[in-house]
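Structure first, commentary second.
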Amino acid sequence: MTDSSESLNFIEQIVAEDLANGLPKENLRFRFPPEPNGYLHIGHAASICLNFGLGNKFNAPVNLRFDDTNPTKEEQEYVDAIKNDIQWLGFQWAQECYSSDYFQQLYDWAIELIKKGKAYVDPQSAEKMAEQKGTPTTPGTPSPYRDSSVEENLEIFDKMKNGEYPAGAYVLRAKIDMASPNMLMRDPLLYRIVNKPHHRTGSEWCIYPMYDWAHGESDYIEQISHSICTLEFKPHRELYDWFLDQIYDDNKQRPKQREFARRNLSYTVMSKRKLLQLVESKTVSGWDDPRMPTISGLRRRGYTPESIKKFSEVSGITKRDSVTDVSLLEFCIREDLNKTATRVMAVLDPVKLVITNYPQDKVEMLEAENNPEDPKAGTHEVPFSRELYIEREDFKEEANSKYFRLSLGKEVRLKSAYIIKGESVVKDENGNITEIHCTCDLDSRSGSGTEASMRKVKGTLHWVSIAHAVKAEVREYDRLFLDEAPDSHEGKDFMEFVNPDSLNIIKEAYLEPFLKEAQLEDKFQFQRLGYFTLDKNASAEHLIFNKTVGLRDSWAKQQSEKKAQNQPQPKANKNQPQAQRSALNEMQKISKKYTNLSGAKLEAARADIEKLAEEITYDELEPLFNTAAKKVGTRIGVMISLGVLLKNGQERNDSINEFISKGAEDNNELLAEEANKLG
RNA sequence: UGCCCGAUGGUGUAACUGGCAACACGUCUGAUUUUGGUUCAGAAGAGUCUAGGUUCGAGCCCUAGUCGGGCAACCA
């Protein structure tokens, strides 16, 4: 992470530049400022990793500051959850701070502002003030209370503080500029009266500072050097600076606000309001439902801190808004779990398999590798017996050579056990398979070292011994929304896109007995199926496993493609012009670099273009006559191709003549030369 | 209609001060494999939103436009 050869993101560059311009290293200080009104999500993780990453990179302290200026929404529950999540991610803050710790200082500064004639109390209704604010294109009009005397303002503000007015009776506003093109500068609110106890200050205060007033000043109090926030606060920067100007002392570090784009994830929503809606509508079971993009949801789902940090790192920091595909998140968790998860076997959709030549009462304890990626991970024992469960999907009575699994007359290996051959099936009156009978090559036991055990068979199946199997509930999750960006459709509520099948509960799955000992934080790979972890509600009597993510599955992909191909495809004609265009594309590609070439390479490129031109039609070529003048290479390629077409009998027309004469006049010698050949 | 951001393969990001557009995910081949996983080798895919300009040379600088996002809570 401290690798200096890595390119810095733009925030890191700003810090590095400030350092280069003389900012003392020891003045560097960052902060992560959540509002305790909801749970942290994967988007916050980006901010956490950015701020704490900055701390690591520049060896500077990072404060955790709860921006708790609104007692109507904030709760201790959220404070605790947020702290827990940050620690779980593996970050340690320098100081635990609260904006509410600064209420007195903020209040004192507000008094100063009033005394300087830069703030005033206003009794008007919110509607009235909004009206006076104007619109982005028309200036506002001053409040009739804008020029009240300092004494009067002081007196009322004091009474506001003492709880002598009901909520909403008065506000304190900064006196800035009612005509500013920035709406936030049109006399913004500093304080409002709220009659609700605060989770930390109790009922000590009746007035609470607004975000803009509290945030920058808190940064200043904590001597934060760089205050990083998301893009929507960009317009607030002007106000942030204005407030700082009022109280700033030259001998102290002046914080600066910089903004980056918040991270969106495909197939989910990220705003706390919407996540809350999912919780309150019972669409999900809670903030930590494994389908939620919250840190706690991801944790319950089986994501690791490493995977989330890796995701943040790989996603990067910029100023353009974007939607990152979940496949990147999934890649990050697979990569981590592949290295660390213990391999076990579990059958989710069982069908009985009887090994007819295996003794009735025999039980063997076989050795199974815990992790082939890590030899040091060791092994564990798996009981093997005559009657097993395998996955229903792993058997077909008849199958073609592309199917590597069990079918009648074909051999497969049972993972860590024997090679078996399908012999017959038992069916019920409806024709459903109830038992598969097979024989086993008794010499082929895995690890026995016999020749038979080394035989190559195409497929390997996972299994569990019925007599020894442990029952468990298994929960599989799919994306919560069917749309890639559910909250991006105008006129449509994001709730319309909720995926009705995002949760699939398997009431009775069969696991190898080793899993009985599973602990909450353990990570397993159910072989050939995916990664799983114990749910927090599991007990020894009732095991519950959550599926974190499936393994990559090229077989499933093939199958779904085959299915798609069987449907009539309107897509077919889309591919055709592409194939036709390829000669043209090829020609353009070569032409692009044409002017960089010389000598033999140039000759070769020219010959290639001529050859390709044989396959290009005039209709394809003509639009390229309009190629921008500066794209000389392409114009040369087009000129050469045109020469070939003319030679092959294409008749001259006005467009052609114009293109040639323009080319002949071009400053580029190569182009002029080619044009003159045709002229 | 005002102000402020942004625009680079399908996706997310790079490109030091202007010098042959790179990396990761995803996709596709092939090899290896007691997980149709992993690993390994390779491929396809962008003329950097458009049009002008400056320059020997522009993704980067300038001008104009287009498109997308944000801004008028007693929320943060």
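A quick note: this is a predicted structure, and the numbers were derived from the prediction, not measured.
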Next item on the list: Give one of base, sugar-phosphate or nothing for A:N182, where a contact means two heavy atoms less than 4.0 Å apart.
Entry: nothing

Next item on the list: Please find out if less than 6.0 Å separates the ring center of A:F243 from that of A:W213.
Entry: yes

Next item on the list: For B:C62 versus B:A24, give the span between their P atoms, rounded off to a whole number of Å.
Entry: 32 Å

Next item on the list: Indicate, with a heavy-atom threshold strictly under 4.0 Å, whether A:F233 touches base, sugar-phosphate, or nothing.
Entry: base

Notebook entry, point to check: NA contact type, A:Q525, heavy-atom cut-off 4.0 Å: base, sugar-phosphate, or nothing?
Noted result: base

Item checked: Whether A:F404 stacks on the six-membered ring of B:G36 base, 5.5 Å and 30° limits -> yes

Checklist line | Nucleotide B:C71, atom C1' - distance to NZ of A:K133 in whole Å | finding: 11 Å

Next item on the list: Round to the nearest Å and state the distance from A:Q13 atom CD to B:A14 atom P.
Entry: 9 Å

Next item on the list: Taking the six-membered ring for Trp and the single ring otherwise, decide whether the centroids of A:Y211 and A:H215 are under 6.0 Å apart.
Entry: yes

Notebook entry, point to check: B:U63 and B:A22: how far apart are their C1' atoms, nearest whole angstrom?
Noted result: 30 Å

Notebook entry, point to check: Looking across every strand, which nucleic acid part, if any, lies under 4.0 Å from A:H462 by heavy atom: base, sugar-phosphate, or nothing?
Noted result: nothing

Item checked: Between B:G10 (C1') and A:D325 (CG): distance, integer Å -> 9 Å

Notebook entry, point to check: Looking for any heavy atom pair under 4.0 Å, which part of the strands does A:R237 touch: base, sugar-phosphate only, or nothing?
Noted result: nothing

Next item on the list: Please confirm whether A:Y145 and A:Y120 have ring centers closer than 6.0 angstrom.
Entry: no

Notebook entry, point to check: Tell me: CG of A:L551 to P of B:G36, nearest whole Å?
Noted result: 9 Å

Next item on the list: Just compare B:G6, B:C4, B:G36 and give me whichever is closest to any side-chain atom of A:S554.
Entry: B:G36

Notebook entry, point to check: Base, sugar-phosphate, or nothing: which does A:T72 touch, judged by heavy atoms less than 4.0 Å apart?
Noted result: nothing

Next item on the list: State yes or no: are the ring centers of A:F157 and A:Y170 separated by less than 6.0 Å?
Entry: no

Notebook entry, point to check: Cation over ring, A:K161 on A:W205, under 6.0 Å and within 45°?
Noted result: yes

Note to self: When you compare the ring of A:Y211 with the six-membered ring of B:A76's base, are the centres less than 5.5 Å apart and the planes under 30° from each other?
What the structure shows: no

Margin query: Suppose we call a contact any N or O donor and acceptor under 3.5 Å apart; does that hold for the side chain of A:R405 and the base of B:G36?
Written below: yes

Check: Looking for any heavy atom pair under 4.0 Å, which part of the strands does A:M210 touch: base, sugar-phosphate only, or nothing?
Finding: sugar-phosphate

Note to self: Applying a 4.0 Å non-hydrogen cut-off, can you work out what A:Y403 is touching in the nucleic acid: base, sugar-phosphate, or nothing?
What the structure shows: base

